[in-house]
There are 2 protein chains.
Amino acid sequence: MNIGEIAKRAGVARSTVSYVISGKRTVSDEIRRRVLAVIEELDYRPNAAARALKEGRTRTLGLVIPPASQRLTDMQLGFVASVVEAAAHADLDVLLSPSGGDHERSFERVITGRRVDGVILMEIRLEDDRVTRLRQAGLPFVTIGHTADAGDVWWIDVDYATLIARCVHHLADLGHRHLAFVNRSAELVAAGYGPGHRALAGFGAAVAERGLTGVDICCPDEAAGGEACVERLLDAHADVTGIVTINEAALPGIQRALQHAGLAVPRDFSIAGVAGRHWAEDFRPPLTAADVPALEMGDQAVRLLLERIATPEAPPRHVLHAPPISLRASTGPAPFR
Amino acid sequence: MNIGEIAKRAGVARSTVSYVISGKRTVSDEIRRRVLAVIEELDYRPNAAARALKEGRTRTLGLVIPPASQRLTDMQLGFVASVVEAAAHADLDVLLSPSGGDHERSFERVITGRRVDGVILMEIRLEDDRVTRLRQAGLPFVTIGHTADAGDVWWIDVDYATLIARCVHHLADLGHRHLAFVNRSAELVAAGYGPGHRALAGFGAAVAERGLTGVDICCPDEAAGGEACVERLLDAHADVTGIVTINEAALPGIQRALQHAGLAVPRDFSIAGVAGRHWAEDFRPPLTAADVPALEMGDQAVRLLLERIATPEAPPRHVLHAPPISLRASTGPAPFR
DNA sequence: TTGTATGCGTTATCAC
DNA sequence: GTGATAACGCATACAA
């Protein structure tokens, strides 16, 4: 079933069918009706490969996700969901590529061979080979997160340093003097995961500015790890009265550890951080946290990418999100000890 | 950058370059080396669209996921992850398509226009338009889950009826006489979501067989909903001593409600079900449950699809998984009341 | 062992 | 307002 078949049955030239479909030149009403009727009858759809070959674009975006073997966080999932949604809205398809581990071939396949018109990259590290590779491939791309030297790339990110600093200031205002920062997993941080490093820097700066003492600790990205981490933390630093965190997946475990230690939140202990809305609201009591606007960010990433594809020479654009901290119920005045 | 350019620089015919790449006929060592050197130097990769047009296949699979707006469950995420992984392993790309809601266009785009060689469909309902549509489109597809009339389609599913029945028998053996079944969300069940209906049927049959009393209740797929649901349940049916569930996302809420009601698990109350391993292990105490082998199933779905593509006339294949129930710590003898 | 020629299904340029 | 035709980049049957 191809455009020639439609043309033959409608008794017109192939080009006429093409123009009926694209509307790029005027076609008499009668012929258009006849062609459309045949298209309808045979349920004809243009062949995507032929069109891509001729037009030089695929109407497809590549989305490079973290290796799926390690569970995606809620936030990452939100990005994927919103990117797919926004792409669909722009009549674009999304080609998924896991990266990292032994998935180099998949990544290479997606970015070479003109398979996609552009790429959205997630889970960026301060130094990121994939960014280097995309730069050299000359394929338009936008990153969610940004490398250390991202002046020339288009990106969109959450301002972890600022958000974590705000959490520290909030707790300091409440009288807390000894805080802990619960980071993402040690492997991730060691690999140069941007949010981990930037949030830690923000924590350090704010703690210093307010003259507090602060300890930081890496924590596996899951409940059991969070529980163990906080147990150790409470053990080693009995004076800590508040936690600041960006590790949403560890929250259920953190909660269990505090409960187990007989610490009531927020009476005996406060906690605040950056987390997907869902995690924050599921915390008991609901978590005072900056809600990452993952849905909005995915949408924005697609818009930026389309802009970049449309105007390759435009100067790079960066967007840094610093959503307000939603005051919920997990922070309160520092306890007397 | 195309094959002709490589040919010119290497001083050979285009077909020779093509054969060097595909290896489909022997090429003298010297010429092959020369060609490969040029390919390497220019970092040439065959154009995917041209290849797809010529070969009549795209080396791409379509993966139709539930509308991403509603959070994907862990299990669904496991399917996506393993499908992408298995596809990458077979050097195939995965085109993602959200379905349901206002995403019909995306779905249509993926299945028409020969954009993919085959489709994997998730989150199947007993009556499912998408299955009908794919049947009529004549595109090879495999479903994870199965419709009521799935004799002629290739599918792979979890045997919810059997697994839930096993949970009931397990609890009955422990002396429980009054059980409750916590289903997925009312909307999902009303929409004809297969697992919900089949699990309920299995529950009803097993309860009848053992002469127990059973109540069933639909429950939103999230923690807060689970908490509210179980509160109502305990209120209305004080004699219930055990819950059987397929609603993994509600588990944290169920746990909170039981705790809040002062019921210790498993001393005062037992709970068992079907859940992703992660949810089961995060439950306190760890949940006695059938661990859905999501990773294995995604892999299998890809294998089945490739088989179906390779042999279009082969009789349909069905795989029903009934993994054993992992005995953990959430079930115990019925309490005296 | 290598080269030549053709067609996959579109879109767009040119001629009418 | 419409039709014929030349690419797009590749794979392969056929010729040498």
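A note on names: the letters A, B, ... follow the listed sequences, proteins ahead of strands, and every chain is numbered from 1.
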Could you check how far [atom1] of [X] sits from [atom2] of [N], rounded to whole Å?
X	N	atom1	atom2	value
B:Y19	C:dT2	OH	P	13 Å
B:N2	D:dA11	CG	C1'	14 Å
A:I21	C:dT10	CD1	C1'	10 Å
B:R14	C:dC8	CZ	C1'	14 Å
A:I3	C:dA12	CD1	P	11 Å
A:K54	D:dG9	NZ	P	9 Å
A:L53	D:dA11	CG	C1'	13 Å
B:R45	D:dG9	CZ	P	17 Å

Under a 4.0 Å threshold between the charged nitrogen and the carboxylate oxygen, would [Y] count as salt-bridged to [X]?
X	Y	answer
B:R303	B:E307	no
B:D29	B:R32	yes
A:R59	A:D117	no
A:R105	B:D93	no

Does the side chain of [X] get closer than 4.0 angstrom to OP1 or OP2 of [N] through an N or O atom?
X	N	value
A:S18	C:dT10	no
A:N47	C:dG9	no
B:R25	C:dT2	no

Worksheet item: How do B:S15 and A:Y44 order along DNA chain C: which one's closest nucleotide is nearer the 5' end?
Response: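 Looking at the nearest nucleotide for each, B:S15 comes out on the 5' side.
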
Discussion item. Base, sugar-phosphate or nothing for B:T16? Non-hydrogen atoms, less than 4.0 Å.
Written reply: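 Sugar-phosphate: the residue B:T16, judged by heavy atoms under 4.0 Å, touches backbone atoms but no base.
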
Worksheet item: Looking for any heavy atom pair under 4.0 Å, which part of the strands does A:S28 touch: base, sugar-phosphate only, or nothing?
Response: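 A:S28: backbone/sugar contact only, no base atoms under 4.0 Å.
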
Fill in: Nearest to side-chain heavy atoms of B:V27, which nucleotide of C:dT10, D:dC10, C:dT2
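From the listed options, C:dT2 comes nearest.
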
Practice prompt. Ignoring the backbone of B:E55, work out which of D:dA11, D:dG1, D:dT2 is nearest its side chain.
Written response: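 Comparing D:dA11, D:dG1, D:dT2 against the side chain of B:E55, the answer is D:dA11.
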
Worksheet item: Nearest nucleotide by nearest heavy atom, which residue falls closer to the 5' end of DNA chain D, B:K24 or B:A49?
Response: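 Closest to the 5' end, via its nearest nucleotide, is B:A49.
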
Worksheet item: What distance do B:L95 atom CG and A:T60 atom OG1 have between them, rounded to the nearest 0.5 Å?
Response: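 Reported value, rounded in 0.5 Å steps: 6.0 Å.
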
